[in-house]
Structures are given as C-alpha cells and as structure tokens.
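Working notes, beginning with the structure itself.
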Amino acid sequence: MSKIASPIIQAKVSSPVGLLSLKASVNGLTHLQVDDLLQTHTDVAIESMANLALDHHDDVLLSAAKRHIEMTSQQLAEYFAGKRKQFDVSLAPKGTEFQQLVWHALGEMAFGERCSYSDIANVIGRPKAVRAVGAANGANPIAIIVPCHRVIGKGGKLTGYAYGLNMKQWLLNLEASE
C-alpha cells in the first residue's frame, strides 16, 4: 500500500452490486464504498467526477489521482464481468499500523479463497488478536479490492459485512463461479 494522502478526487461508478463511491489521492485509491446496494446496475462506468481538490492542487496531482480512479473503474468492470481475478491498482487507505497489516493480509488472499478472523490473525503474527482483526476488517475503507467479504466464520458460516450479508454472498458467488 502506498503513502497516505487525503483524497483529492472522487467518482460515482455503477456496478452489479450498486452505486460505488471511489476516492483517490495522488498516491492511489483511498476509498471504495457502496452507496446504493444491490440495485439493477449492469455497467461499470464513471457517472460523474467531482474535484475535491483545494486551490493549491495542480493539474499534475489531479491527473495522477484521476488515473487511479479510471484504472480502478476499468478493473472493477473486468472483475464484475468475470475477466479479472486480481486487482493491481495503487492503494492508499488511511488507517493504523495494525489496520494496514490486516488490510495487506486481506489483499494477499487468492481470488475466491475464504478465511476466518483467526486465519488473518495468524498470518500477521498476532494469533490472539482475533477481535482486533475483526474490527480492522470492519474498518476497511476499500471494499471489494481489499476483499474483506472473503472473511467468514470459522465454521464456514457468513459473518457480518458492512454492506450486508446479501452483498457478501453475491460477491462470494461471483468468485466461486470462476
């Protein structure tokens, strides 16, 4: 994950799981959130782009941030079409050192793989931090690309997801069908 900077540009992107809100800084994608859950969106396309930059940001910085948004939009379209199994966009989420460790471990998971909070805790070398891993997972600002939807209960049961269990199941089914 890249250096952290405040987002300076945002976009709304439609997708099969709903309207997505993307934000990026010059260093990479800072946020991917679902604004409108599981509506009948079929295309992934930038609907609007609003400049969040202050006057001191120049065109070079805005262009870099816009490239991160455009690359993310393209890769999301490929993911939802079943043509992409791994994202390679620059990420710049803001979080604690522990959260960054958890999000990095989630990002290293293979497409379609599922795990539990305790699995992630073991991967990051903190086997007793299962609850903290759950909290970091819940604080993930970059849904789908940092695949917190792949974390399930130890017994295989679906556990909580910020955007609801229906969306979580939909994403897991998409990845299982590949």
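Since this is a predicted model, take the numbers as computed values, not measurements. This chain uses plain numbering: 1 for the first residue, then up along the sequence.
Using modelled atom types, no side-chain atom of E175 and backbone atom of E113 make a donor-acceptor pair closer than 3.5 Å. At distances below 3.5 Å, not a single donor-acceptor pair connects side-chain atoms of R84 with backbone N or O atoms of Q74. Checked by atom type and distance alone, the side chain of D119 pairs as donor or acceptor with a backbone atom of S116 at under 3.5 Å. Between the side chain of H31 and the backbone N or O of A24 there is no donor-acceptor pair closer than 3.5 Å. The backbone N or O of A92 lies less than 3.5 Å from no partner atom in the side chain of T30, so there is not a single donor-acceptor pair. The closest donor-acceptor contact from the side chain of Q99 to the backbone of T96 lies under 3.5 Å. A distance-only check finds a donor-acceptor pair linking the side chain of K168 to the backbone of V151 [under 3.5 Å].
Of the inter-residue distances, the one linking L62 atom CG with I8 atom CD1 reads 4.5 Å to the nearest 0.5 angstrom. Atom NZ in K94 sits 11.5 Å away from atom OG in S25 (nearest 0.5 Å). Note: L165 CG to L172 CG = 10.0 Å, rounded to the nearest 0.5 Å. Here the OG atom belonging to S15 is positioned 3.5 Å from the CG atom belonging to L20, to the nearest 0.5 angstrom. Rounding to the nearest 0.5 Å gives a distance of 7.0 Å between CD of Q75 and CD1 of I145.
Contacts of R114 classified as salt bridge (charged side-chain N to carboxylate O under 4.0 Å, His left out), with partners at least two apart in sequence or in another chain: none. Residues that satisfy the ring pair (Phe, Tyr, Trp, His ring centres under 6.0 Å) test with F87, not counting sequence neighbours, are Y79.
In this structure, a donor-acceptor pair under 3.5 Å is absent between the side chains of Q169 and H149.
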What donor-acceptor contacts under 3.5 angstrom involve side-chain atoms of residues 126-142, with partners at least two apart or in another chain?
unit_1: N140; atom_1: OD1; unit_2: I142; atom_2: N; d: 2.9
unit_1: N140; atom_1: ND2; unit_2: I142; atom_2: O; d: 3.3
unit_1: N140; atom_1: ND2; unit_2: V146; atom_2: O; d: 2.8

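Both L22 and V34 are part of a single hydrophobic cluster, where members link through side-chain heavy atoms under 4.5 Å apart.
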